Trainee: 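Before I ask anything, here is the structure I am working with.
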Amino acid sequence: MPIRVLLADDQALLRGTFRLLIDAQPDMEVVAEAPDGREAARLARAERADVVMMDIRMPGVDGIEGTRLIGQDEDMAGVKVLVLTTFEEDGLVVEALRAGASGFLGKGVEPDRLLDAIRLVAAGEALLSPTATKGLIARVLAQPTHGDLVDPGRLAALTPREREVTTLVATGLSNDEIAERLFVTPVTAKTHANRAMTKLGARDRAQLVVIAYETGLVRAGEPHA
């Protein structure tokens, strides 16, 4: 089945350009377009979208709130949001991730990179653009606001191996890299990560990264052997 993509952007010309690019791929299709975040959330549910390409800056309900609406709807637990914007600012990156985004790219991204990002996010991987580095995310997430504190007690549900894998996921390692580090197979690494996501209520690896920093499991600047 092709990846079902929803385009959320207030600029019709950009939506049309993205539609042409995506519909030309044999493994994906655009199923709907939305001019704001609220319509994006409604259509994502109605059209059973797999990935929502969400602009941040839109009139009315913006992309951050649209992402939050999707993330709060249990019926859309499988919907992934890829934030695409010209504004790669620290606060916006973190806001998008906390709202439930799985990835973040600038609008100046090359077409092939964008298509790969859609496939990556659809597969449940986390994606951060080169500008929005993992180090930047780590620094900001390590200083949560009073409304974003997460109970470290949630980590008690994890086995020692799941905690170890979660820590490595938070430092940006892929399943293959984690497998090499721990002397296990990539499938085993992915299984541990998936179990950790289930126990912690994370929608995907991006949310696992957020939880790892906000519970204090991983702290910015700490070395990881």
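Being a predicted model, the structure only gives us computed values, none of them experimental.
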Trainee: For D62, enumerate each residue passing the side-chain hydrogen bond (donor to acceptor under 3.5 Å, both in side chains) test, keeping only those at least two apart in sequence or located in another chain.
Mentor: none
Trainee: Roughly how far, to the nearest 0.5 Å, is CG of L14 from CG of L7?
Mentor: 10.0 Å
Trainee: With sequence neighbours excluded, tell me which residues meet salt bridge (charged side-chain N to carboxylate O under 4.0 Å, His left out) with R163.
Mentor: none
Trainee: For residues 200-209, pull every pair meeting salt bridge (charged side-chain N to carboxylate O under 4.0 Å, His left out), keeping only residues two or more places apart or in separate chains.
Mentor: E125-R205
Trainee: Output the distance between atom CE (M53) and atom CG (D55), rounded to the nearest 0.5 Å.
Mentor: 9.5 Å
Trainee: Per the side chain to side chain contact (heavy atoms under 4.5 Å, CB included) rule, which among M76, K80, R42 passes with I70?
Mentor: M76
Trainee: Heavy atoms, side chains only, cut-off 4.5 Å: are I56 and L84 in contact?
Mentor: no
Trainee: Taking only residues two or more places apart in sequence, or in another chain, which ones meet R68 in a salt bridge (charged side-chain N to carboxylate O under 4.0 Å, His left out)?
Mentor: E65
Trainee: Any salt bridge linking D116 with R119? Criterion: basic side-chain nitrogen under 4.0 Å from a carboxylate oxygen.
Mentor: yes
Trainee: Please enumerate all residues that pass salt bridge (charged side-chain N to carboxylate O under 4.0 Å, His left out) together with R161, with sequence neighbours excluded.
Mentor: E164
Trainee: Got a sec, which residues hit side-chain hydrogen bond (donor to acceptor under 3.5 Å, both in side chains) with T188, two or more places apart in sequence or on another chain?
Mentor: T185
Trainee: Can you list everything that forms a side-chain hydrogen bond (donor to acceptor under 3.5 Å, both in side chains) with S174? Sequence neighbours excluded, please.
Mentor: E177
Trainee: What residues form a salt bridge (charged side-chain N to carboxylate O under 4.0 Å, His left out) with D23, not counting sequence neighbours?
Mentor: R19
Trainee: Considering the options R15, K107, R57, which one meets the side chain to side chain donor-acceptor pair (under 3.5 Å) requirement together with D9?
Mentor: K107
Trainee: Excluding sequence neighbours, so at least two apart, what forms side-chain hydrogen bond (donor to acceptor under 3.5 Å, both in side chains) with Q25?
Mentor: none
Trainee: I need the T171 OG1 to Y213 OH distance, nearest 0.5 Å.
Mentor: 7.0 Å
Trainee: Could you list the donor-acceptor pairs under 3.5 angstrom formed by side chains in residues 45-52, with sequence neighbours left out?
Mentor:
unit_1 : atom_1 : unit_2 : atom_2 : d
R45    : NH1    : D73    : OD2    : 3.1
R45    : NH2    : D75    : OD2    : 2.4
D50    : OD2    : R4     : N      : 2.7

Trainee: Please enumerate all residues that pass side chain to side chain contact (heavy atoms under 4.5 Å, CB included) together with P111, with sequence neighbours excluded.
Mentor: L21
Trainee: Any side chain to side chain donor-acceptor pair (under 3.5 Å) involving residues 192-202? Give me the pairs, sequence neighbours left out, ordered by first then second residue.
Mentor: E162-K199
Trainee: Can you tell me how far the CD1 atom of I211 sits from the OG1 atom of T166, to the nearest 0.5 Å?
Mentor: 9.0 Å
